[in-house]
Every structure is written in C-alpha cells, then in structure tokens.
Amino acid sequence: MLADSYGRVATDLRVSLTDRCNLRCTYCMPPEGLDWLPKPELLTDDEINRLIRIGVTMLGIDEIRFTGGEPLLRRGLVGILAEATALSPRPKTALTTNGIGLSRTAAQLAEAGLDRVNVSLDSLRPDVFEQLARRRRLDDVLEGMAGAADAGLTPVKVNTVLMRDINDVEAPDLLRYCLEHGYQLRFIEQMPLDAQHGWRRDTMITADEILDRLSAEFDLRAADDEERGSAPAELFYVDGGPETVGVIGSVTRPFCGACDRVRLTADGQIRNCLFAREESDLRSLLREGGTDEEIAKRWRAAVATKLPGHGINDPSFLQPARPMSAIGG
Ligand code: SAM
C-alpha cells in the first residue's frame, strides 16, 4: 500500500505522458511555451509500462489518469493504455485532455481499454477561447468531446477554469451546454501553478462566486458527502437532478484530508502532491537496474512523507518549481 503518516492511502495514479502542449492557456503557460524536457529525460513507453505495473500489482493503485502537458501528443499512448488495461487487477483508466484531435482517436483509445475522458473547456465563444488558450481551436475541442461520447468514453467530464472578466460570465452557459450534451461539468478554482507566477488570490474566482453565478439561473442542492468520496469535486444536483455540477475549490475549500492521489511526471519523478516541493527519482533507479521491489520501496517512501495539506493558505507558501504542465494536471 502507498500509505502516508496521516492515514491516507494513495490508490489513484496521475501519469504525465509529456510536458508539451498544443495550447497556451494563460493560467498555465506563457505565450512562447516552455523549455520542454529533453527526450533522454523522458520515460520511454516501456519504462512507463513497468512503473504502472509496479503501482498496480505491488502498491494498490486501482485507478490511472493519463495527463500532461497534452497526453494525446504522446505517440505511444494507445500501447501504454493497452498494457495498463491488460494488468490484473485491471485498473480504471481516464485521460485528461484538451480534446484537440480526440474526435479522430477516441474509438482507438476506447478499443485500447480507456474508460473515460475529462476534457478541458473554458469558453463556448471562439474569441474568448482564443484569448484564454491563445489558439483558435474551439471547434476542435467541441468535436473532440462529441467524438469521445460517441466512442463510449463516458461519462465525459468537462473541466473549466474561470478567469475574472474573461470567461466568468459564461458559467451558466457552460453548464447549460454540458447538461444538453450529457457531459458532467466541473469548475476548478485557479491554482498558483502557472509558469509565469501570475496567480493572485484577490483576482481568482472562488468556489462561492462560482456557486453564486450558477444559482442565479439554476437551483443547486449539495449532494451527500458519500457521493463525493475522495473526489476533488463537491457535487451539486442541478434543478432537482439527477444531473450534477462539480466545484473543485482547491484553494478556498481544500480537500487534502481525503486525497488519494500520487503523481508520476513524464521524467519519472514521484510527487505526493501537486504542490510538493520535493520529488522522488524513480527514473534513475530504473536506469541503474533497480529491482521492482527497490522501486516499490522508494515509491512507498515518497508517499509516506506526504504533508497533511497543500499549504496554499499558509503565509509561508511557496509555489512549486515546476508548473502544472510539467507536473501533470
Ligand atoms: N492538456 C490537458 C488538458 O487540457 O486537460 C491535460 C493537462 S492540463 C494541465 C489539466 C487541467 O489542469 C486542465 O483542466 C487545466 O485547465 C487545468 N489547469 C492548468 N493550470 C491550472 C491552474 N493554474 N489552476 C487550475 N487548473 C489549471
């Protein structure tokens, strides 16, 4: 088991397949992109497969979420998925993506065993989408979401970050769109994980504000805690349900006490929290000929030191050195 000293057990592995992305969302990356990780530093497909096997068969991982960067940019994605879903016990699998190109690949991903997707969508207005993502790709994303639903990668969950005076007025429209298409929308509070260090507490849209905006047009009723489990999203029934909307209040309503996540970066580092300031290097151990048991031991030790909370609200908080795209969101 991957247990920490506060009684939490990590069972949900976020695997970053690349730090590259084909969008440049303002809250994540600067317009020119970042210095991408050099290829020799990236885990190979075989190395990723081995670490996933160790996680699932030796350490109790039962759910894997592939992310990035943009995971659809990883050439070996289909093969990695097929290996992961052939493991016993078979882990649940999901993919967090910006949706670009998903309409073409969704069927192949489903065939390889992918269970479902989370697609990021911040605006339904082409100009606002472009202002936020710095690319004019709204139609590709909407097609990607539809393609995922057609391929059975359901429920299609949609992630939205609201930015003040840019897309915050769109909260009800986004919810209406998702309800009409059978997608499950979740709003995420903006977190201090951008490469430019531009996050400001006084301009972020809080969970309370999100709920106020939605409540102006919808009747929201909080779902029971059991339905939330260890999921980051607080769920609300919309207009009596059964449809729900989620709010991930990472900053103002932290949920660290129920966290069951652990992260593997594209260059083979284990992070026990998005906001961790330390990483454990599994890549060196892999490449120095470490045994499965030695790798599992280092992984267990990495999770054992997980702090009780992310600390964003502590006066001494320091943003992690790596931005979200390089950690794997
Ligand atoms: N490229 C994929 C995508 O667009 O979903 C996966 C990686 S992306 C880093 C994962 C999620 O993190 C996206 O939903 C994105 O909106 C969110 N994200 C990125 N930077 C963020 C920030 N500073 N605060 C909150 N969410 C952020």
Side-chain angles (χ1 to χ4, degrees), residues 14-30 33-34 36 64-74 77 94-102 105 109 114 116-123 128-129 132-135 137-138 140-142 144-145 148 153 156-164 166-168 170 174 178 183-201 203-207 210 232-233 246-255 261 263-266 271 274-275 310 312 317 319-320 322-329:
R14 307 284 161 113
V15 179
S16 174
L17 295 178
T18 175
D19 58 331
R20 291 171 186 256
C21 192
N22 40 9
L23 295 181
R24 296 285 180 273
C25 301
T26 54
Y27 49 77
C28 192
M29 272 194 209
L34 297 165
W36 310 123
I64 301 173
R65 173 93 64 90
F66 295 96
T67 182
E70 175 44 50
L72 293 181
L73 298 180
R74 175 103 189 188
L77 172 61
L95 178 83
T96 302
T97 169
N98 62 30
I100 296 173
L102 185 57
T105 52
L109 297 174
L114 181 64
R116 58 168 198 85
V117 291
N118 280 38
V119 183
S120 303
L121 172 73
D122 295 331
S123 175
V128 176
F129 183 97
L132 268 171
R134 302 195 183 98
R135 299 286 187 272
R137 305 300 295 267
L138 173 61
D140 297 312
V141 176
L142 299 181
M145 291 160 62
L153 297 174
V156 172
K157 295 190 182 177
V158 175
N159 291 350
T160 299
V161 178
L162 292 180
M163 302 289 283
R164 194 172 300 284
I166 301 177
N167 64 340
D168 50 342
E170 282 190 68
L174 283 158
C178 287
Y183 307 147
Q184 291 183 10
L185 178 61
R186 299 118 48 87
F187 291 96
I188 309 177
E189 278 182 347
Q190 188 198 359
M191 294 178 276
L193 284 170
D194 57 314
Q196 316 88 292
H197 290 232
W199 179 86
R200 283 181 38 204
R201 179 179 300 274
T203 57
M204 66 168 276
I205 303 277
T206 62
I210 295 166
V247 177
I248 303 182
S250 319
V251 179
T252 64
R253 301 178 176 197
F255 37 86
R261 288 169 285 287
R263 298 183 136 80
L264 174 65
T265 65
R271 296 180 65 93
L274 259 182
F275 294 94
H310 57 41
I312 301 178
F317 174 73
Q319 192 170 327
R322 294 211 214 207
M324 179 78 127
S325 58
I327 295 171

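Along the sequence shown, residues are numbered consecutively beginning with 1. Since the model is a prediction, treat every value here as computed from it, not as a measurement. As the structure lists them, so they are numbered: ligands from 1, and atoms in each ligand from 1.
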Out of [options], who gets a non-hydrogen atom closest to [atom]?
atom: atom 26 (N) of ligand 1; options: Val161, Thr26, Ile100; answer: Val161
atom: atom 1 (N) of ligand 1; options: Gly68, Gly69, Gly99, Cys21; answer: Gly69
atom: atom 11 (C) of ligand 1; options: Cys25, Ser120, Pro192; answer: Ser120

With side chain to side chain donor-acceptor pair (under 3.5 Å) as the test, pick out the partner of Glu70 among Thr96, Thr97, Thr18, Asn22.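 Single side chain to side chain donor-acceptor pair (under 3.5 Å) partner of Glu70 among Thr96, Thr97, Thr18, Asn22: Thr97.
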Where Leu17 and Pro71 come nearest, the two heavy atoms and their spacing: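 Shortest heavy-atom contact: CD1-CB, 4.2 Å.
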Nearest atoms (heavy-atom pairs only) where Ile327 meets Leu274: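 Scanning both residues completely, I find the closest heavy atoms to be CD1-O, 3.4 Å.
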Nearest-contact summary for [atom] - protein heavy atom, Å:
atom: atom 21 (C) of ligand 1; result: Tyr27 CD1, 3.5 Å
atom: atom 27 (C) of ligand 1; result: Met324 CE, 3.5 Å
atom: atom 23 (N) of ligand 1; result: Met191 O, 2.9 Å

Of all the atoms in ligand 1, which lie at a distance below 4.0 Å from a heavy atom belonging to [X]?
X: Thr67; answer: 6 (C), 7 (C)
X: Asn98; answer: 2 (C), 3 (C), 4 (O), 5 (O)
X: Glu189; answer: 25 (C)
X: Asn159; answer: 14 (O)
X: Gln190; answer: 24 (N), 25 (C)

Test your reading of the model: is there a side-chain donor-acceptor pair from Arg135 to the backbone of Leu23, 3.5 Å cut-off?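 Such a contact is absent between Arg135 side chain and Leu23 backbone.
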So, does Glu189 use its side chain to make a donor-acceptor pair with the main chain of Ile248 at under 3.5 Å?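 Judged by distance alone, no pair lies under 3.5 Å.
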If you measure every N or O of Asp194 against every N or O of ligand 1, does any of those distances drop under 3.5 Å?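 No, Asp194 has no N/O under 3.5 Å of an N/O on ligand 1.
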Taking both backbone and side-chain atoms of Cys28, is any N or O found less than 3.5 Å from an N or O belonging to ligand 1?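 It does not: no N or O of Cys28 is found under 3.5 Å from an N or O of ligand 1.
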Quick check for you: to the nearest 0.5 Å, what is the distance between Leu193 atom CG and Trp199 atom CH2?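 That separation rounds to 10.0 Å.
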